[in-house]
Amino acid sequence: MMDNDTLDMLRTSLRHVLTEATNVPLADRLGELGWDEVVADDPVTALHTLFTLKGDTVSSADALGPRLAAALADALGDPQLTTATVGMESPFGPSSLTDGSLTVDAVVFTPPSDNPVVVRVDGEHLAVVVGSALTCTRLTTTDGELAQFRLTGTVPASQVQCIEGATASIAWSAMVTHGRWLLACELVGIAQHVTDSAAQYTGERIQYGKPIGTFQALQHRIATAHVLVVGAARLAEHAGHSGDEWSALVAKAVAGQAAETACTQAQQCYGAIGFTWEHEFHHYLRRTYVLDRLLGDWRSLEREIGNELMNSRHVPKIGML
Amino acid sequence: MTVAPDTNPASQLSSEMFESPTAYAAALEAFLSTDERATPYLGYRPHSLEDSAAHLTGLQALLFDTGWSRLGWPESAGGLGGDPRFRAAMFQTLWNLDIPIPEPFTTLEILVPVLLVFAPHLSDALLPGLLRGDDKWAQAFSEPDAGSDLASLRTKMEPDGDGFRLSGQKVWSTFGHLSQRSVLLARSGGPGHKGLTMVLVDLDQPGIEVRPIRAEDGENHFSEIFLDNAWVPADRVIGTLGQGWAIAMYMLQWERGAWGWLQQGRFHQRLQQAVELGTPNPEFAQQLGHAYALAAALRLTTKQTVERLAREEQLGPEVSVDKLLLIDAELATWDAIRAYLGPRFEVDDTLQWLRHEYLFSRAAPIYGGSQEIQRTLVAQRVLGMPRD
C-alpha cells in the first residue's frame with residue numbers, strides 16, 4: 001500500500017502529466033514516471049488517483065482505452081491483447097458475424113493501427129481483427145476535446161479470430177466492470193471539482209452588496225450536489241477495492257448522477273459567465289455528458305439495478321464492517 | 001481494545017467474537033436464528049407502538065443477559081468493552097433477520113456516549129439498567145417555540161437547595177410517555193447558547209405531566225412534557241452549568257453518524273421485503289434501482305463514520321452529509337416500495353406495518369435538524385460558503 005507522502009507525490013506528478021500541452025500519448029508520458037511499477041505495486045490506489053485527477057483536470061488523454069485492453073487481456077489470459085483497441089458499443093448499430101464475414105460498428109478513443117481490435121459481436125462472442133482492416137472516422141461529439149472514433153468495415157471471417165461462449169462473456173463482463181469503476185472515479189473527480197469550484201465562486205461574486213454564496217437558495221443547491229458526490233466517492237472507492245461487478249455497476253450509476261447534479265447546480269451558481277467559453281465550466285459539463293454514456297448511462301444502470309433486485313428477489317449489501 | 005472478562009454464565013460470547021465485528025455478527029446471527037428465546041422476535045410485526053415497546057423490552061433483556069448487546073460498550077456503561085463497530089454489527093444482524101430494533105437502542109446510541117464523557121459519575125449506577133432495558137430514557141430538547149432554532153428555548157432552570165427546579169414545556173420527545181427519565185436541555189442562565197444546561201430528570205414526579213402525541217402513522221411516537229416546578233438534584237447535571245449547548249453539539253455526531261448506519265440496515269431490509277412481496281415490473285425498475293443506489297451510498301458513507309467513531313476521531317460538521325444522505329435514501333426507499341407494491345399498499349391488512357413505516361418516513365427531512373438546516377451547515381461549514 002502507498003503511504004500518504006508517496007500518494008501526494010504521485011498526485012502532483014499525475015496532475016502535471018494530465019495538464020501539460022503535448023501530443024505525446026499519455027501512455028508514453030506515464031511510462032516516464034515508472035507508471036507500470038506504480039500500478040503493479042498498488043493498482044487500486046494508482047488507478048483511482050489517475051482517473052479521479054483526470055476528471056478533476058478534464059484531461060482529454062486516452063487513459064481508459066489501454067485499461068480496457070489490459071482488463072480484457074487479463075481476463076482472457078492473452079498478454080498479446082494488452083496492445084488491443086477495445087471497440088465499445090456503437091450507437092449507430094451492432095457488430096455481427098454472419099455469412100462468413102464480420103461487420104464492425106464500434107467506438108474507440110484512439111485510432112488503431114495494425115494492432116488487434118476486439119469487438120463484441122451479436123451480444124455474446126468476441127471478434128479479434130487487425131485494426132488496419134477497418135475504417136476509422138473521427139466523430140463530432142458533445143465534448144469536442146475527448147476524441148472518439150467510429151470503426152466500421154466488413155472483413156472476411158478467415159481474417160477474424162472468434163472467442164466464443166462463457167469465456168467471451170466472462171472476459172467482457174470483467175472489462176465492463178473495470179471500465180465502470182474507472183469511469184466512476186473520473187465522474188467523481190469532475191463532480192468534486194465542479195462542486196468545490198462553484199462554492200468558491202459564490203464567495204467571490206458580489207450582488208446586492210454581498211457575496212451571492214450568502215443566499216440559502218445557492219447554498220442548498222451546492223449542498224445537495226455535495227451529498228451525492230460524497231456518496232458516489234465512497235462507492236467508487238469500494239468498487240476499486242472489491243473489484244466486483246455489482247459494486248462497479250452501482251458506483252457508476254451514482255457517479256453519473258452525481259456529476260450531472262453537480263453540473264446542474266453549479267451552472268446556476270455561475271450564472272451567465274458559466275454559460276460562456278470565458279469560463280472553464282463548459283468543459284466539465286460536456287465531459288460529464290459523454291462519460292456518463294460510456295458503459296451505461298446512470299438511468300439505464302439504475303434500471304439494470306432495479307430489474308436485478310426484482311427478478312432475483314434479493315437485495316445485496318455492499319461493504320461489510 | 002479493553003475487554004472485560006465475561007463472567008456471566010448465560011453469556012453466549014467467546015473470545016473469537018471479540019476479535020472482529022464480522023465474526024461477532026456471524027455468531028450472533030447463528031444464535032438468533034436457532035435459539036428458541038429469540039423466536040418471538042423474528043419477523044415480529046407490532047400492532048401498536050406500545051405493544052412493540054413492551055414486546056421488544058424482552059429482546060433487549062435477552063441480548064443483554066446473553067452478552068450480545070454489551071459488546072461495543074465500555075465496562076462503565078455495563079458493557080464488555082470493544083468499539084462501536086460491534087454495535088453497528090448487531091444492528092445489521094437484527095435487520096438481516098427481520099427483527100425490529102428496540103427503540104431504546106437508538107436512544108442509547110445518542111445518550112450513552114454523552115453520559116460517559118460528561119457525567120461519568122452517573123454511568124455506573126444508571127447505564128447498566130438502561131442498556132438492559134429495565135430503565136427507559138427520553139430526550140427533551142425541542143419546545144413549541146424552539147424547533148430548528150433550538151438555542152431560543154425557554155424552559156427555566158433555577159437553583160433550589162441542593163438541586164434545581166424546572167418549569168416550561170418540551171415537545172417531540174420520542175417515547176416520552178414510555179420513559180422513566182429524560183435528558184433535558186433547560187435555561188439556567190441568560191439568553192443564547194451559553195445559558196443552557198443539560199440535566200437528567202426523573203419523569204415520574206408530581207411536577208411533570210407527559211402527554212403522548214399521535215403522529216401521521218397513528219402511533220404515539222412522541223410526547224409533550226409539561227414541567228411545573230419539577231425537581232432535579234444537583235448531581236443530575238450533565239457536564240457543568242452553561243455547558244448544555246456544547247454537549248448537544250457533541251451529541252450530534254452520534255445522532256447524525258451512528259444513526260445513519262442503523263437506518264441503512266432498515267432500508268436494505270425493507271427493500272428486501274418489497275422484492276419478496278412484489279411482482280417484477282420494468283415500470284418500477286429505475287425507481288427501485290435509484291432507491292437502492294442511495295441506500296448503498298448511505299451504507300458506505302455511514303460505515304466510514306462508524307469506523308471513525310471506533311477510532312475515537314472527533315467528527316465535525318461533515319456528519320450532516322450523512323444525515324442528508326439518510327433523508328434522500330429514506331424518502332427514495334419508501335417511495336419506491338409504495339410505488340412497486342401498487343394499490344394494495346394502501347388497503348392490504350397484512351401491509352399495515354409497512355404503511356406505518358412509510359408514513360413515518362415523511363418525518364425524515366424534519367426531525368433531528370431539518371433538511372434545510374443541514375444543507376446550510378454543509379454549505380457553510382463543510383464547503384466554506386460565506387455566512388450572511
Side-chain angles (χ1 to χ4, degrees), chain A residues 195-196 198-200 202-204 210-216 218-238 246-247 249-251 253-254 257-258 269 298-321, chain B residues 20-22 25 85 88-89 92 96 261 265 268-269 271-272 274-276 278-282 284-301 303-304 306-307 318 320-322 324-325 328-329 336 340 372 374-380 382-388:
Chain A
T195 309
D196 294 346
Q200 193 189 337
T202 65
E204 295 159 5
K210 53 187 166 187
I212 60 172
T214 57
F215 303 133
Q216 284 194 328
L218 296 190
Q219 292 185 349
H220 290 189
R221 281 181 178 273
I222 295 297
T224 302
H226 177 72
V227 167
L228 203 49
V229 175
V230 170
R234 295 293 90 79
L235 281 161
E237 284 160 18
H238 182 82
W246 181 254
S247 299
L249 168 68
V250 179
V254 178
Q257 195 172 162
C269 291
W298 68 263
R299 290 176 185 82
S300 308
L301 297 181
E302 281 189 345
R303 276 194 293 277
E304 195 174 328
I305 295 166
N307 280 318
E308 177 61 24
L309 298 178
M310 287 187 290
N311 295 325
S312 69
R313 295 185 188 271
H314 174 62
V315 177
K317 294 180 195 75
I318 296 177
M320 296 296 157
L321 280 167
Chain B
S20 83
T22 315
R85 291 174 306 151
Q92 183 64 68
N96 286 352
W261 168 267
H268 281 84
Q269 210 291 325
L271 285 169
Q272 177 64 43
V275 299
E276 285 173 19
T279 309
N281 179 346
F284 301 108
Q286 195 187 342
Q287 200 176 358
L288 280 167
H290 180 67
Y292 175 82
L294 288 177
L298 175 67
R299 180 178 173 85
L300 290 177
T301 305
K303 173 177 178 283
Q304 190 180 64
V306 168
E307 287 162 352
E318 69 279 4
S320 284
V321 171
D322 296 43
L324 285 165
L325 204 45
D328 291 345
Y340 183 48
E372 285 71 22
Q374 307 292 344
R375 283 179 177 162
T376 302
L377 282 172
V378 167
Q380 294 179 353
V382 178
L383 296 166
M385 290 176 78
R387 294 183 197 214
D388 202 357

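All values below come from the heavy atoms of this structure, side chains included, with hydrogens, waters and symmetry mates left out. Chain letters run A, B, ... following the sequence lines, proteins first and then strands; every chain starts at 1.
The shortest heavy-atom contact between Lys303(B) and Met320(A) is CE-O, 2.7 Å. Of all heavy-atom pairs between Val254(A) and Ala293(B), the closest is CG2-CB, 3.6 Å. Nearest heavy atom pair, residue Arg303(A) against residue Ala285(B), reads O-CB, 3.6 Å. Nearest heavy-atom pair, Ala297(B) versus Gly231(A), reported as atom, atom and distance to 0.1 Å: CB-CA, 3.9 Å. Leu321(A) approaches Pro21(B) most closely through the heavy-atom pair CB-CB, 4.4 Å. The heavy-atom pair separating Ala199(A) from Leu383(B) by the smallest distance is CB-O, 4.0 Å.
Judged by distance alone, with hydrogens and angles left aside, the side-chain atoms of Arg299(B) form a donor-acceptor pair with the main-chain N or O of Gly319(A) at under 3.5 Å.
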Test Ile318(A) against Tyr292(B) for side-chain contact (heavy atoms from CB on, under 4.5 Å), laying out the working first. CA-CA 10 Å; Ile318(A) 296 177; Tyr292(B) 175 82; 3.6 Å; yes
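Of the two parts of Gln272(B), the backbone and the side chain both hold a non-hydrogen atom closer than 4.5 Å to a non-hydrogen atom of chain A. Of the two parts of Asp322(B), neither the backbone nor the side chain holds a non-hydrogen atom closer than 4.5 Å to a non-hydrogen atom of chain A. Residue contact with chain A, scored on non-hydrogen atoms closer than 4.5 Å, involves the backbone and the side chain of Glu372(B) alike. Of the atoms belonging to Lys317(A), heavy atoms from both backbone and side chain fall under 4.5 Å from chain B. Only the side chain of Gln92(B) comes within contact range of chain A, with heavy atoms under 4.5 Å apart. With a threshold of 4.5 angstrom between heavy atoms, Asp196(A) approaches chain B through side-chain atoms but not through N, CA, C or O. Of the atoms belonging to Ala253(A), not a single heavy atom falls under 4.5 Å from chain B. Proximity to chain B involves both the backbone and the side chain of Val227(A), based on heavy atoms less than 4.5 angstrom apart.
The shortest side-chain heavy-atom distance between Gln374(B) and His220(A) does not fall under the 4.5 Å cut-off. Side-chain contact between His290(B) and Gln257(A): present, with at least one pair of heavy atoms (C-beta onward) separated by less than 4.5 Å. Here the side chains of Pro280(B) and Arg313(A) are in contact, with some heavy-atom distance below 4.5 Å. The closest side-chain heavy-atom distance from Leu228(A) to Leu294(B) is below 4.5 Å.
Contact count versus chain B (heavy atoms, under 4.5 Å) is highest, among Leu218(A), Leu249(A), Ile222(A), Ile212(A), for Ile222(A). Ranked by heavy-atom pairs under 4.5 Å with chain B, the first of Ser300(A), Ser312(A), Gly306(A) is Gly306(A). Heavy-atom pairs under 4.5 Å with chain A peak, among Leu298(B), Leu300(B), Val378(B), at Leu300(B). Of the listed residues Glu304(A), His226(A), His238(A), Gln219(A), the one with more heavy-atom pairs under 4.5 angstrom with chain B than any other is Gln219(A). Contact count versus chain B (heavy atoms, under 4.5 Å) is highest, among Leu309(A), Asn311(A), Thr195(A), for Leu309(A). Ranked by non-hydrogen atom pairs under 4.5 Å with chain A, the options Val306(B), Thr279(B), Asn281(B) are led by Asn281(B).
Taking NE2 from His314(A) and CD from Glu276(B), the interatomic distance works out to 10.0 Å, rounded to the nearest 0.5 Å.
The 12-atom threshold is not exceeded at CZ of Arg387(B), counting heavy atoms of other residues, nucleotides or ligands nearer than 6.0 Å.
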